[in-house]
Amino acid sequence: MSNERRRPFPFDQFEPRWQRVWAERATFHTPNPGDAGFDPTKPKYYVLDMFPYPSGAGLHVGHPEGYTATDIIGRFKKMRGFNVLHPMGWDAFGLPAEQYAIKTGQHPRATTEANVANFRAQLQRIGFGYDWQREVNTTDPGYFKWTQWIFLQIYKSYYDPELGKAQPIALLEDALSDAPQRRSEWEGNMYLLGTHEAWRKSDDSSRASWRDGFIEHSRLAYISSAPVNWCPELGTVLANEEVVDGKSEVGGHPVERRPMRQWMLRITLYAQRLMDELDGLDWPESIKIHQRNWIGRSEGAEVRFEIADASGRAGFQPAVPSFQLGTSGVTNAPHRDTPSDNERNPTPDAPGEIPGAAGCKPALPTITVFTTRPDTLYGATYMVLAPEHLLVDSIVTEEQATAVEEYREKAARKSDLERAELAKDKTGVFTGAFAINPVSGERIPIWIADYVLTGYGTGAIMAVPAHDERDWEFARKFALPIREVVSPEPRLGLGGGSVCDAEPLECFVGEGYAIHSGPLDGLPTAAAKAEITARLEAQGLGKTTINFKLRDWLFSRQRYWGEPFPIVWENGRHRAVAESELPVVPPELSDFKPTGTPEPPLSKAKDWVRYQPVHHERGDDVSTAFPLPSLGMIEGVEPSHSTATRELNTMPQWAGSCWYYLRYIDNANAERFVGSEAERYWMTGTTSHQSPVTSHIPKPGGVDLYVGGTEHAVLHLLYARFWHKVLFDLGHVSTPEPFQKLVNQGLILGEDGQKMSKSRGNVVNPDDVISEYGADSLRLYEMFMGPLEATKPWSMSGVEGVFRFLARVWRLVMEENQAGEWQPSAAVQDVPMEKSVAKVVHATIKKVGEDIEAVSFNTAIAQMMVCTNALTAANPRPVAAIRLLLHVLNPFAPHLTEELHAQLGGTTLLADATWPAFDPALLIEDEIELPVQVNGKLRDKIVVKKDATPAEVEAIAKAAPKVAESLAGKTIKKLIVVPGRLVNIVVA
RNA sequence: GCCGGCAUGGCGAAAUGGCAGACGCAAGGGACUUAAAAUCCCUUGGGAGGUAACUCUCGUGCGGGUUCGAGUCCCGCUGCCGGCACCA
């Protein structure tokens with residue numbers, strides 16, 4: 001069979017040989033600034049692949065697609081005189097290794113090591129020019145030490161809304177002690193930071209504890225007990241981004257909502273920056289749009305509704321200011337930030353509420369809603385709270401209490417999946433309470449319904465059934481009044497803001513003109529929004545607001561095979577371990593099974609759990625964020641370390657991949673996560689000898705080219721940008737964005753046009769392709785299939801096609817002797833190139849270079865095929881022409897070209913060669929052929945001198961036989977000569 | 001429902017608003033060979049006409065438009081793929 005068959009060229013012999021040569025000579029090693037061999041005169045180019053999770057299944061053909069693209073570009077840039085950084089590593093924490101461990105009892109570290117070895121060998125077999133000295137592995141303690149360190153930087157920071165950036169939390173502490181009078185101002189912001197719970201508790205405590213609580217809850221990493229996505233099957237919680245249709249993205253297991261104590265990262269505070277700073281990036285527009293949609297900014301207004309007391313009057317105005325209407329324009333849903341003793345009946349703590357002070361008539365709370373259509377306020381005929389809304393308990397009437405409680409329990413039990421499936425069927429219950437429409441003064445009922453989400457806006461809405469599909473449906477089902485307040489066309493004579501005549505027949509959600517809306521009547525929607533918002537603001541009843549769909553990032557997992565948090569708990573408070581204690585290494589376990597409860601598997605390591613503080617040398621960073629005594633320790637009690645326990649959760653897999661591109665830059669650095677000199681060079685191209693980087697970098701800088709699949713459009717690419725921005729704010733990195741240019745490779749389908757999968761049996765294994773056709777054929781085919789970004793099916797006969805092309809290149813240079821051995825061909829001679837040969841060779845140099853820059857590899861390969869066909873026809877074959885072809889083919893088929901280059905007497909590596917220059921003079925034709933059209937239809941072709949004047953061209957064109965025939969008896973209305981392109985004659 | 005992307009031969013695909021189908025696959029024919037493989041050469045979008053070199057004509061999902069000229073730009077559809085989906 002195939003191994004019996006004689007190979008058209010001996011790729012199986014020379015491919016491994018050249019791979020060894022590259023490895024031995026460290027051909028693709030790139031020194032850092034300051035290292036031996038570093039050339040500061042060269043520009044830098046950082047080309048990055050999305051590093052793989054080393055699964056047990058090994059590489060599939062999708063991996064080498066992007067990797068070959070970056071390899072071609074990296075090798076090309078090296079030939080063009082760049083310092084090229086092109087590294088590879090392993091995103092090796094993750095669920096599959098842990099689940100395999102559960103099944104087999106084998107330690108995840110063992111399987112991970114074996115898989116990494118396999119992946120590395122597979123990649124090396126394809127001949128990628130990685131700098132293997134820069135390899136990183138997220139599970140390496142020398143790596144995750146710095147993942148933990150970065151987490152601590154986030155933990156020790158807060159977001160300053162005025163500066164719009166993260167700051168060390170120590171500064172916040174200073175600010176609070178320096179300016180205690182700013183407390184009320186801070187209180188406003190505190191709610192915005194989700195810290196109102198702490199504020200409430202601190203109300204009657206000392207100033208110091210208020211401050212501690214405030215600091216505690218200002219951290220960019222915080223503890224929350226909000227309902228999270230719990231997956232019982234996987235035994236862990238998942239981020240919103242990891243839940244697809246109510247099922248886990250990994251494994252497809254059902255996911256339910258339940259409140260749990262979890263670490264969250266305040267990515268929401270970066271929503272605006274994450275959105276704005278996309279603009280400067282050279283990314284596919286679709287990915288940018290995807291991220292913008294995910295962040296989901298919407299502009300609107302918050303409106304405060306008072307609750308009517310039983311007699312129907314508006315309730316008492318609360319004595320405290322409504323600090324939800326704070327200074328910052330950014331709000332998000334209230335989080336229940338502190339573990340609640342009874343999670344099913346959380347303490348109401350909504351804004352403005354003062355629960356039952358003894359002996360006084362309780363002031364009734366207000367309800368704040370978010371709306372993008374404040375212009376429809378006159379049409380708000382009822383309100384809806386999310387079932388989980390914290391106000392429900394305090395407003396529900398006795399008669400409705402049972403029904404409400406039943407509904408809330410049912411809603412809580414519903415999984416996300418059920419909630420999604422039942423989405424169209426609205427359900428809800430009346431609370432028995434009423435609110436006052438602030439503009440019409442009308443008494444409107446307050447309902448609860450699960451179509452209102454607790455996590456978005458304020459978790460409460462004003463319902464305008466005439467102009468919102470969902471409210472319309474709900475109102476129809478429960479026979480609630482529907483009032484039309486927007487008309488698609490301007491209407492006259494329907495003013496007065498009074499009652500409308502009849503309920504509308506259908507829901508109108510578009511923009512139009514206000515009707516039945518008092519002072520707004522006749523205004524177009526945009527103006528009506530502005531007018532009503534101004535009026536509300538003047539009366540303290542509302543204000544413009546911006547809302548984001550983006551939620552804070554749920555950052556903890558109940559897994560073994562992940563980075564432990566560098567956090568210990570004591571007396572119910574968390575604190576950072578000292579930096580000198582990093583890395584916090586996971587304990588050895590033999591049983592990795594989920595506990596079956598939300599208790600993480602690390603809880604099984606009883607000794608590890610009990611925190612034994614290391615003895616600190618002088619100068620060690622023990623104090624971390626702020627001194628231990630301020631952490632809520634009981635005064636007078638000596639801190640006792642024996643009671644301290646470690647945080648048992650681990651970080652999600654995204655943690656390691658949030659910064660790996662930085663570690664490649666300086667992967668052996670034991671002092672810092674990345675050396676600043678090297679970081680500045682590879683991210684901005686400048687060194688300390690050059691002018692310092694200012695805070696306003698015109699080009700965002702970062703990785704020059706990042707290639708990977710679209711599946712990371714909102715997960716990895718959003719998380720990594722977030723971490724990078726925090727590091728930038730804190731002065732640890734020099735660019736605001738990590739990845740300047742992004743290219744998405746398309747999906748490779750099976751030969752049947754279906755997605756490759758084991759069950760379909762259409763999976764192509766790159767190893768098989770290599771053993772039959774060689775690594776160069778695999779590389780070349782993956783690039784020749786079509787545009788890199790396109791989804792395209794695999795075709796083995798296509799592989800065969802590029803294989804034949806490579807064999808033709810081989811035979812350009814080599815021929816078989818009588819004994820059947822390959823030897824340099826006699827046809828290859830040191831003769832000058834004929835002009836026609838020189839022309840095609842130089843055209844090839846030009847086009848291939850341009851196409852590589854444009855990431856258009858399929859057309860570059862087509863041009864090299866044309867060139868090869870031309871050279872095959874030449875006899876003798878000028879060796880200079882062949883050498884030039886080998887140079888431009890080298891980034892694509894590095895093994896074959898190195899071999900042939902050596903066979904032609906080359907003593908240096910093509911990989912180290914300089915990209916050839918083309919001679920533009922050769923590409924200029926003396927005579928050019930021009931098509932001549934009559935009325936846009938091709939009639940003839942003429943040949944003219946390249947510098948012929950338009951008048952000359954015109955004359956020749958008119959004289960062309962077929963043109964003359966078409967023109968006979970007609971008058972020329974217009975004649976267009978496009979120099980070098982065509983002639984078009986318009987006749988009557 | 002909303003937001004993207006795509007639509008060109010039998011197939012993968014090319015084409016700064018300027019000769020549609022480069023390059024490759026597949027297919028057919030031929031050369032070499034005892035034979036096969038490999039290799040090399042020729043043909044290959046549809047239709048019509050011509051003994052022939054060739055000639056004419058239609059053709060880039062559908063319908064309009066802009067333009068001397070549209071696969072390409074604009075408007076309106078259809079189909080497929082991907083994402084989001086009660087986000088007020």
Side-chain angles (χ1 to χ4, degrees), chain A residues 4-8 244-245 284-290 292-294 296-298 300 333 369-373 376 384 419-420 422-426 449-453 455-464 467-471 473-474 509 547-551 710-711 713-714 746-747 749 753 755 780-781 784-787 789-802 804-805 807-808 811 856 858-866 868-869 872-873 929-941 962 973-978 980-987:
Chain A
E4 298 288 326
R5 206 174 71 198
R6 230 188 110 40
R7 298 189 189 281
V244 178
D245 291 335
E285 203 49 41
S286 59
I287 298 288
K288 290 191 188 182
I289 290 168
H290 199 162
R292 288 199 191 97
N293 289 347
W294 190 265
R297 180 192 150 103
S298 33
V369 302
F370 173 74
T371 175
T372 54
R373 292 295 300 271
T376 62
V384 186
R419 231 165 132 147
L422 302 171
K424 296 300 158 224
D425 190 20
K426 299 275 181 294
D450 65 5
Y451 83 90
V452 173
L453 308 174
Y456 183 77
T458 62
I461 62 155
M462 63 179 211
V464 185
H467 305 290
D468 181 283
E469 296 278 6
R470 298 149 299 184
D471 298 342
E473 231 178 283
F474 192 81
V509 298
N547 238 303
F548 295 96
K549 276 201 277 190
L550 187 70
R551 313 293 161 83
T710 48
E711 68 273 21
V714 288
L747 196 63
L749 306 172
K755 214 172 156 178
L780 209 64
Y781 175 65
F784 189 60
M785 292 171 83
E789 306 83 354
T791 302
K792 45 213 180 273
W794 188 267
S795 156
M796 272 305 175
S797 28
V799 180
E800 204 120 15
V802 295
R804 280 203 284 266
F805 161 65
R808 281 164 72 86
R811 288 195 310 273
S856 176
N858 53 333
T859 52
I861 294 166
Q863 179 63 34
M864 290 187 282
M865 287 172 167
V866 170
T868 301
N869 291 343
T872 302
E929 195 186 57
L930 288 185
V932 182
Q933 296 177 341
V934 176
N935 282 348
K937 286 188 178 166
L938 180 67
R939 286 301 161 190
D940 211 340
K941 291 177 185 181
K962 287 189 195 125
K973 280 173 67 183
K974 196 169 182 179
L975 197 146
I976 294 125
V977 176
V978 185
R981 301 250 47 146
L982 58 41
V983 179
N984 191 10
I985 303 171
V986 186
V987 296

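In what follows, chains carry the letters A, B, and so on, assigned in the order in which the sequence lines appear, proteins first and then strands, with residues in each chain numbered from 1. Just the heavy atoms: all of them, side chains too, but no hydrogens, waters or symmetry mates, feed the values below.
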(request) Decide yes or no for A/Met865 and A/Val802: does some side-chain heavy atom of the first lie under 4.5 Å from some side-chain heavy atom of the second? (result) yes

(request) Please state how far atom CG in A/Asp468 lies from atom C1' in B/rA88, giving the value in whole angstrom units. (result) 6 Å

(request) Could you state the atom-to-atom distance from CE of A/Met785 to P of B/rA13 in whole Å? (result) 8 Å

(request) May I ask you to say what A/Lys973 touches in the nucleic acid, namely base, sugar-phosphate or nothing, with a heavy-atom cut-off under 4.0 Å? (result) nothing

(request) Look at the side chain of A/His290 and decide which nucleotide, out of B/rC86, B/rA88, B/rC84, has an atom nearest to it. (result) B/rC84

(message) Are A/Met796 and A/Val799 packed together at the side-chain level, in the sense that at least one heavy-atom pair is separated by less than 4.5 angstrom?
(response) yes

(request) Have a look at A/Ser795 and say if it touches a base, only the backbone sugar-phosphate, or nothing, with a 4.0 Å heavy-atom cut-off. (result) nothing

Interface polar pairs with nucleotides 63-68 of chain B, N/O, under 3.5 angstrom:
residue	atom	partner	partner atom	Å
B/rC68	OP1	A/Lys974	NZ	3.2
B/rC68	O2'	A/Asn984	ND2	3.3
B/rC68	O2	A/Asn984	ND2	2.6

(message) It should be established whether A/Ser298 places a side-chain nitrogen or oxygen under 4.0 Å from OP1 or OP2 of nucleotide B/rA88.
(response) yes

(message) Would A/Val509 and A/Arg373 count as a side chain to side chain contact (heavy atoms under 4.5 Å, CB included) here? Give the steps.
(response) CA-CA 10 Å; A/Val509 298; A/Arg373 292 295 300 271; 5.7 Å; no

(request) Calculate the interatomic distance between A/Asn293 atom CG and B/rC2 atom C1'; express it in whole Å. (result) 9 Å

(message) Using whole Å, what does the distance between atom P of nucleotide B/rA20 and atom CG of A/Leu938 come to?
(response) 6 Å

(request) Identify, between A/Ala460 and A/Pro793, the residue whose nearest nucleotide on RNA chain B lies closer to the 5' end. (result) A/Pro793

(request) Determine the interatomic distance between P on B/rG82 and the same-named atom on B/rC73; round to the nearest Å. (result) 25 Å

(message) Does a side-chain N or O of A/Arg804 approach OP1 or OP2 of B/rC23 to a distance below 4.0 Å, or not?
(response) no

(request) Quote, to the nearest angstrom, the C1' distance that separates B/rG76 from B/rG10. (result) 33 Å

(message) Classify A/Lys962 by what it touches in the nucleic acid, base, sugar-phosphate, or nothing, heavy-atom distance under 4.0 Å.
(response) sugar-phosphate

(message) Nearest to the side chain of A/Pro787, heavy atoms from C-beta on, is which of B/rC19, B/rA14, B/rG83?
(response) B/rA14

(message) When you measure from the side-chain N and O atoms of A/Asn858 to the phosphate of B/rA14, is any distance below 4.0 Å, counting only OP1 and OP2?
(response) yes

(message) Output the rounded distance in Å from CG (A/Leu982) to C1' (B/rG69).
(response) 8 Å

(request) Say whether, by atom type as modelled, one donor and one acceptor occur between the side chain of A/Asn935 and the main chain of A/Val987 under 3.5 angstrom. (result) yes

(message) Can you measure A/Glu789 atom CD to B/rA14 atom P for me and round it to whole angstrom units?
(response) 10 Å

(message) Measuring from atom CD of A/Glu789 to atom CG of A/Leu747, what distance do you get when rounded to the nearest 0.5 angstrom?
(response) 13.5 Å

(request) Starting at atom CD1 of A/Ile289, determine the distance to atom P of B/rG5, rounded to an integer number of angstrom. (result) 6 Å

(message) Students often get this wrong, so: under 4.0 angstrom with heavy atoms, is A/Gly801 touching a base, only sugar-phosphate, or nothing?
(response) sugar-phosphate

(request) Using the C1' atom as the reference point in each nucleotide, state the distance between B/rA27 and B/rG61 in Å, no decimals. (result) 26 Å

(request) Calculate the interatomic distance between A/Glu285 atom CD and B/rG4 atom C1'; express it in whole Å. (result) 10 Å

(message) Just so I know, are the side chains of A/Lys962 and A/Val934 near enough to count as touching, which here means a heavy-atom distance under 4.5 Å?
(response) no

(request) Evaluate the side-chain proximity of A/Asp471 to A/Ile461: yes if any heavy-atom separation is below 4.5 Å, no if none is. (result) yes

(request) Taking atom C1' in both B/rC77 and B/rA7, compute the distance separating them and give it to the nearest angstrom. (result) 14 Å

(request) Quick one: pull up CG in A/Leu780 and CG in A/Asn858 and give me the separation to the nearest 0.5 Å. (result) 11.0 Å

(message) I want to verify a distance call: between B/rC84, B/rA88, B/rA13, whose nearest atom is closest to the A/Lys549 side chain?
(response) B/rC84

(request) Report which part of the nucleic acid A/Arg297 touches: base, sugar-phosphate, or nothing (heavy-atom distance under 4.0 Å, all strands). (result) nothing

(message) Is there a side-chain contact between A/Arg808 and the phosphate of B/rC40, meaning an N or O under 4.0 Å from OP1 or OP2?
(response) yes

(request) Check the chi torsion on B/rG9 and let me know: syn if it falls within 90° of 0, anti if not. (result) syn

(request) Determine the interatomic distance between P on B/rG49 and the same-named atom on B/rA31; round to the nearest Å. (result) 31 Å

(request) Please figure out whether A/Lys941 or A/Ile861 has its closest RNA chain B nucleotide nearer the 5' end. (result) A/Lys941

(message) Expected output check: what is the dot-bracket annotation of RNA chain B, where ( ) and [ ] are pairs inside the strand (brackets for crossing ones), | is paired with another strand, and pairs are Watson-Crick or G-U under 3.5 Å?
(response) (((((((..(((.....[....))).(((((.......))))).(((((....)))))..(((((..]....))))))))))))....

(request) Flag the pair A/Glu800 / A/Tyr781 as yes when at least one side-chain heavy-atom distance between them is below 4.5 Å, and no otherwise. (result) no

(message) Within the structure provided, determine whether A/His290 and A/Val714 are in side-chain contact (heavy-atom separation under 4.5 Å).
(response) yes

(message) Of the listed nucleotides (B/rG83, B/rG12, B/rC86), which one gets closest to any side-chain atom of A/Asp450?
(response) B/rC86

(message) Does the Lys NZ or Arg CZ of A/Lys426 fall within the cation-pi geometry relative to A/Tyr451 - under 6.0 Å from the ring centre and within 45° of the axis?
(response) yes

(message) Quick check on B/rC40: is either OP1 or OP2 less than 4.0 Å from any side-chain nitrogen or oxygen of A/Arg811?
(response) yes

(message) With rounding to the closest Å, how many angstrom separate the C1' atoms on B/rG12 and B/rC19?
(response) 24 Å

(message) I'd like to check A/Asn984 versus A/Leu975 (side-chain heavy atoms, cut-off strictly below 4.5 Å). Are they in contact?
(response) no

(message) If the cut-off is 4.0 Å, is A/Lys937 near the phosphate of B/rC56, judged by side-chain N/O to OP1 or OP2?
(response) no

